[in-house]
Undergrad: 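Have a look at this one before I ask anything.
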Amino acid sequence: MDVTLINPFINATINVLETMAFVTVTPGKPYGKKDNTAGGDVTGVLGLTGVANGTIAVSFEEKCILTVVSNMFGEDMDTLNDDIADAVGELTNMISGQARRELDEVGRVFKAAIPSVITGKNHTIRHYTDGPKIAIPFKTDGGNFTIEVCFER
Amino acid sequence: MDTSIKILIVDDFATMRRILKNILKQLGFKNLVEADDGTTAWEILQEQEIDLIISDWNMPKMTGLELLKKARADAKYKAAPFLMVTAEAQKQNVIEAVQAGVSNYVVKPFTAEAISDKLEKILK
């Protein structure tokens, strides 16, 4: 996989979470992911087509996403419900949009599908291609989340 | 800004409609209507008198760009303020929206100040 596709998604994740949810986000070291088990309890998955085909997934631990959405709405959210799932879909959408803008500036144009959201302990993430999966862990004061980027070989 | 105007918020994500409503209420706007896709928005535009449209781009049934084009082809909304709030900000998208007659453009993610600044510009 072309690793230069990864950085725009890291930059976009930081910017979206900091702008919309006012949380400080610290990325960890990217690693190759072998299994399909989600790192979090709620995951947004979005397909991308263009100069390469693939998917991104954004998977939040329960505590983290409750903090993030509470900040976005300005009110306490204490349960994983449809509001949280909707917010994860929109966050995934925004991360994709911002990353695609950065890639567009260097002539690499992608189109995005409408995101889907999976909720539940130990759920699996199904990427649309069988390429290598790169996972990037992130820490916030309110908990952890992971993004996965997977493009065809 | 005249905060008594009626604003239609169009986005398929309830999250974004909620965030925009919160910002608009903080700015003093109280007369807010919402739709979760372009088709529903168009029905509202026909039934009610809307002073400002704030719309997402990427939506099922009818996109924000299609809604904008329909509005600009309609005598009632030919010159109505239309703010596009979207994650779709690649060069080609911006060109298409400008050519279709968008009043202004806000890129997601955004701050409350960005929304306020754009509204000041298009409502002055």
Side-chain angles (χ1 to χ4, degrees), chain A residues 8 11-23 25 42 44 46-48 50-51 56 65 68-75 77 81-117, chain B residues 9-27 29 32 34-40 54-66 84-98 105-118:
Chain A
N11 298 338
T13 301
I14 294 168
N15 188 35
V16 167
L17 270 291
E18 292 191 348
T19 305
M20 298 305 296
F22 324 111
V23 290
V25 178
V42 194
L46 183 145
L48 294 162
V51 293
I56 63 157
I65 194 60
V68 164
V69 181
S70 296
N71 286 1
M72 287 168 73
F73 289 165
E75 58 187 276
M77 305 296 290
N81 56 21
D82 289 347
D83 290 344
I84 300 293
D86 188 273
V88 170
E90 181 63 312
L91 286 166
T92 308
N93 197 32
M94 283 190 273
I95 290 167
S96 150
Q98 164 127 12
R100 285 184 292 119
R101 268 199 306 285
E102 189 176 329
L103 289 162
D104 182 67
E105 284 168 9
V106 290
R108 307 174 89 179
V109 179
F110 285 92
K111 288 196 169 190
I114 290 175
S116 57
V117 178
Chain B
I9 303 165
V10 193
D11 201 303
D12 53 331
F13 283 96
T15 298
M16 194 46 62
R17 298 197 303 273
R18 191 163 171 173
I19 290 169
L20 286 168
K21 272 195 297 183
N22 286 345
I23 292 171
L24 291 168
K25 282 179 183 169
Q26 282 167 13
L27 292 171
F29 296 99
L32 309 174
E34 54 185 293
D36 61 5
D37 62 62
T39 306
T40 310
I54 300 179
S55 179
D56 183 25
W57 181 302
N58 228 346
M59 296 180 290
K61 295 184 188 171
M62 186 195 294
T63 67
L65 183 66
E66 289 164 342
M84 195 77 87
V85 179
T86 176
E88 298 300 318
Q90 292 165 289
K91 280 177 211 155
Q92 190 53 39
N93 298 119
V94 177
I95 291 167
E96 277 186 75
V98 170
Y105 208 98
V106 174
V107 178
K108 298 175 184 174
F110 55 80
T111 60
E113 290 73 27
I115 297 289
S116 176
D117 288 349
K118 299 287 181 172

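Hydrogens, waters and symmetry mates play no part in the numbers below; they use all other heavy atoms, side chains included. These figures come from a predicted structure and were not determined experimentally. Lettering follows sequence order; numbering is per chain, from 1.
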Undergrad: Please tabulate, one pair per line, the donor and acceptor atoms of chain A and chain B that lie under 3.5 Å from each other, or say none if there are none.
TA:
from     : atom 1 : to       : atom 2 : distance (Å)
B:Ala14  : N      : A:Asp86  : OD1    : 3.1
B:Ala14  : N      : A:Asp86  : OD2    : 3.3
B:Thr15  : N      : A:Asp86  : OD1    : 2.7
B:Thr15  : OG1    : A:Asp86  : OD1    : 2.6
B:Thr15  : OG1    : A:Ala87  : N      : 3.0
B:Arg18  : NH1    : A:Asp83  : OD2    : 3.2
B:Arg18  : NH2    : A:Glu75  : OE1    : 3.1
B:Arg18  : NH2    : A:Glu75  : OE2    : 3.2
B:Asn22  : ND2    : A:Phe73  : O      : 3.2
B:Ala87  : O      : A:Arg101 : NH1    : 3.3
B:Glu88  : OE1    : A:Arg100 : NH1    : 3.3
B:Glu88  : OE2    : A:Arg100 : NH2    : 2.7
B:Gln90  : OE1    : A:Arg100 : NH1    : 3.2
B:Gln90  : NE2    : A:Phe110 : O      : 3.4
B:Lys91  : N      : A:Asp104 : OD2    : 3.4
B:Lys108 : O      : A:Arg101 : NH2    : 3.4
B:Lys108 : NZ     : A:Glu90  : OE2    : 2.8

Undergrad: What's the shortest heavy-atom distance between A:Pro115 and B:Phe13, and which atoms?
TA: CG-CZ, 3.8 Å

Undergrad: Which atom names give the shortest non-hydrogen contact between B:Pro109 and A:Met94, and what distance separates them?
TA: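 Closest pair (atom of B:Pro109, atom of A:Met94, distance): CA-SD, 4.0 Å.
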
Undergrad: Looking at residues at least two apart in the chain, or sitting in another chain, which of them share a ring-ring contact (aromatic ring centres under 6.0 Å, His included) with B:Phe110?
TA: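 Per chain and number, B:Phe110 pairs via ring-ring contact (aromatic ring centres under 6.0 Å, His included) with no residue.
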
Undergrad: Look at B:Ala112, B:Pro60, B:Ala87 and state which one has the largest set of heavy-atom pairs under 4.5 Å with chain A.
TA: B:Ala87

